[in-house]
Amino acid sequence: MKLAERREAEIEILCRKKQVTYRELAQEFGVSRETIRKDILDLMCSYPIETVRGRYGGGVKILPGFSIQPKTLNREQVAFLEGMRSRVTSDEMDVLSSILDQFTP
């Protein structure tokens, strides 16, 4: 697994579990706790992550309310956006098209 893939997976785990330890992440990815610590320090620059000190309650957590955007749209969402094409201005059409292009094959 490449560095970027691992870090993306770490964010997904944090969003799902809300709080984990360095040890849990290290075991999950088969790397050292030091590697995870470096990953988290880097991710903290872009995501609302904080570390929690403590022997029994410590770890890494993502702040409440944060979630990653979906990687795909469901059929209902795509149909809704397609239906919006007839209702938007030409400037808005560029934005709508960029969204559809990003999420549909």
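Note that the structure is predicted; figures quoted are calculated from it, not measured.
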Who are the salt bridge (Lys or Arg N to Asp or Glu O under 4.0 Å) partners of Glu76, not counting sequence neighbours?
-> none
side-chain hydrogen bond (donor to acceptor under 3.5 Å, both in side chains) filter on Arg37, not counting sequence neighbours, yields Glu34
Among all residues two or more places apart in sequence or in another chain, which pass the side-chain contact (heavy atoms from CB on, under 4.5 Å) test with Gln19?
-> Val52, Lys61
Is there a side chain to side chain contact (heavy atoms under 4.5 Å, CB included) between Leu14 and Ile49 once you walk through the steps?
-> CA-CA 9 Å; Leu14 284 170; Ile49 297 172; 3.9 Å; yes
Here the gap from Arg85 atom CZ to Glu92 atom CD, rounded to the nearest 0.5 Å, amounts to 13.5 Å
Please list, chain by chain and in numerical order, all residues satisfying side-chain hydrogen bond (donor to acceptor under 3.5 Å, both in side chains) with Ser86, sequence neighbours excluded.
-> none
Taking only residues two or more places apart in sequence or in another chain, which ones pass side-chain contact (heavy atoms from CB on, under 4.5 Å) with Ser46?
-> none
Results of ring-ring contact (aromatic ring centres under 6.0 Å, His included) for Tyr47 - residues two or more places apart only = Phe66
Considering residues at least two apart in sequence or located in another chain, which fulfil the side-chain hydrogen bond (donor to acceptor under 3.5 Å, both in side chains) criterion with Arg7?
-> Asp39, Asp42
Test item: Thr35 side-chain N/O and Val31 main-chain N/O as donor-acceptor pair under 3.5 Å | no
Shared hydrophobic cluster, Met44 / Ile62 (ILVMFWY, side-chain heavy atoms < 4.5 Å) | yes
In this structure, CG of Leu96 is separated from CG of Leu81 (nearest 0.5 Å) by 5.5 Å
Only counting residues at least two apart or in another chain, list the ones meeting side-chain hydrogen bond (donor to acceptor under 3.5 Å, both in side chains) with Arg33.
-> none
Carefully, step by step, assess Ile36 and Glu10 under the rule side chain to side chain contact (heavy atoms under 4.5 Å, CB included).
-> CA-CA 9 Å; Ile36 295 298; Glu10 290 166 354; 3.1 Å; yes
Salt bridge Glu12-Arg16, side-chain N to carboxylate O under 4.0 Å = no
If you round to the nearest 0.5 Å, how far is CD1 of Ile13 from CG of Leu25?
-> 5.5 Å
Out of curiosity, does Val95 fall in the hydrophobic cluster containing Met84 (side-chain heavy atoms, cut-off under 4.5 Å, transitive links)?
-> yes
Using the test ring-ring contact (aromatic ring centres under 6.0 Å, His included), find all partners of Phe80 that sit at least two apart in sequence or belong to another chain.
-> none
Partners passing side-chain contact (heavy atoms from CB on, under 4.5 Å) against Glu24 (at least two apart in sequence or in another chain) | Val20, Thr21
